[in-house]
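Data first, discussion second: the structure below is written as structure tokens.
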Amino acid sequence: MRIDVFSIFPEYLAALDLSLIGKARQDGLLDVRVRDLRDFTDDRHRTVDDTPYGGGAGMVMKPEPWAQALGTALDGAAEEGARPTLIVPSPAGEVFTQQTAYELAAEDHLVFACGRYEGIDERVLEWAGEHFDVRPMSLGDYVLNGGEVAVLAMVEAIGRLVPGVVGNPESLVEESHSDGLLEYPVYTKPSQWRERPIPEVLLSGNHAKIARFRRDEQLRRTSERRPDLIARLDPSTLDKADKAT
Ligand code: 6GU
């Protein structure tokens, strides 16, 4: 998978050299290209922003550097006529979920356009729609100073779902959100710690009972912490014992 990221703070994206995603890059599974938006300006001051038409606080990102930058993401595109997905991090976007991560992990080419200030001139997104599938995306209902931290989160969530990136794909099956529920609690040695034993069933060797215990804990936790997720569950994913819980 090819991933282009454009930002005026490319140093923020240095974390993509580390850990699982850094390893996937080294292994050739992810082709991540981070570029400085200012390299696509043509004035002495490398200007990327200007004052908003209609007035108001803050600055708006100018269209010309964005058009130059996004044009280079199309240049080396996999095939003629391919439409890469352009993700624009914004608190005004659609909420990014595990479902979104699965969808995007199946794409060949993702492009991230990190806005700063009050955002990017809207005409850039209109123009980009001619060449990209444009998706404004939000991490949740709070405001960050720019898209960079959101891109770190999204690239990690998407990249780990690309086949081969996570060594043991089984670990993707039982994690939070994979089945619409939060993950069950986990324990390791010692079995007794500061007067706290682990739940006895985990020592029983009874795999059916352990599975039932974990499933009940998932349901209990999710109801307590995220009732919104329970309301959105597909009823066909619940078994008889789930409904009794
Ligand atoms: Cl994706 N961008 C910014 N700037 N703020 C956010 C966000 C994204 N998601 C939540 N807040």
Side-chain angles (χ1 to χ4, degrees), residues 1-21 30 32-38 40-41 47-54 56-63 65-67 69-70 73 83-107 109-129 131-162 175-177 182 225-226 228-229 232:
M1 175 190 278
R2 175 175 164 190
I3 299 177
D4 293 278
V5 183
F6 297 97
S7 162
I8 59 166
F9 295 119
E11 298 89 345
Y12 255 107
L13 286 311
L16 296 178
D17 291 335
L18 306 176
S19 189
L20 200 78
I21 301 296
L30 301 177
V32 182
R33 308 178 190 183
V34 178
R35 295 293 312 269
D36 187 340
L37 181 69
R38 291 194 199 274
F40 303 95
T41 57
T47 311
V48 293
D49 61 337
D50 208 333
T51 54
Y53 278 116
M59 299 290 271
V60 175
M61 295 191 102
K62 295 166 63 60
W66 277 114
L70 296 177
R83 284 173 65 83
T85 299
L86 176 62
I87 299 158
V88 186
S90 162
E94 161 199 0
V95 175
F96 180 90
T97 65
Q98 189 66 18
Q99 178 56 42
T100 324
Y102 286 123
E103 276 169 43
L104 295 173
E107 298 287 331
H109 188 186
L110 304 178
V111 181
F112 291 87
C114 297
R116 283 264 150 184
Y117 318 115
E118 300 309 305
I120 304 171
D121 187 306
E122 189 65 22
R123 294 167 297 179
V124 173
L125 306 196
E126 290 171 18
W127 162 79
H131 308 281
F132 298 87
D133 287 329
V134 180
R135 301 194 57 179
M137 283 279 163
S138 168
L139 290 191
D141 294 337
Y142 45 85
V143 177
L144 304 171
N145 284 334
E148 287 78 7
V149 167
V151 168
L152 289 175
M154 289 189 276
V155 169
E156 184 158 315
I158 296 162
R160 63 195 292 285
L161 298 177
V162 170
E175 64 191 9
S176 289
H177 300 294
L182 303 184
R225 300 177 185 176
R226 295 294 305 278
D228 59 307
L229 293 182
R232 275 190 286 159

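All ligand and atom numbering here is 1-based and tracks the order in the structure. Just so it is clear, the model here is predicted, and its values are computed rather than measured.
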ask   = Backbone N or O of G129 within a donor-acceptor pair of the R83 side chain at under 3.5 Å?
value = yes

remark   = Applied to residues 137-153, the side chain to side chain donor-acceptor pair (under 3.5 Å) test, sequence neighbours excluded, yields S7-E148, R116-E148

note = Contacts of L152 meeting side chain to side chain contact (heavy atoms under 4.5 Å, CB included) (sequence neighbours excluded), chain-then-number -> L13, A15, L16

ask   = Using a 4.0 angstrom limit on heavy atoms, which residues are close to ligand 1?
value = P89, S90, P91, M137, S138, L139, G140, Y142, V143, L144, G146, A150

query = What residues form a ring pair (Phe, Tyr, Trp, His ring centres under 6.0 Å) with F40, not counting sequence neighbours?
reply = F6

inquiry  = For L110, run the side chain to side chain contact (heavy atoms under 4.5 Å, CB included) check against L104, L30, L86, V5 and tell me which one passes.
reply    = L104

message = Quick test of your reading of the model: are D36 and R38 salt-bridged, counting only N-O distances below 4.0 Å?
response = no

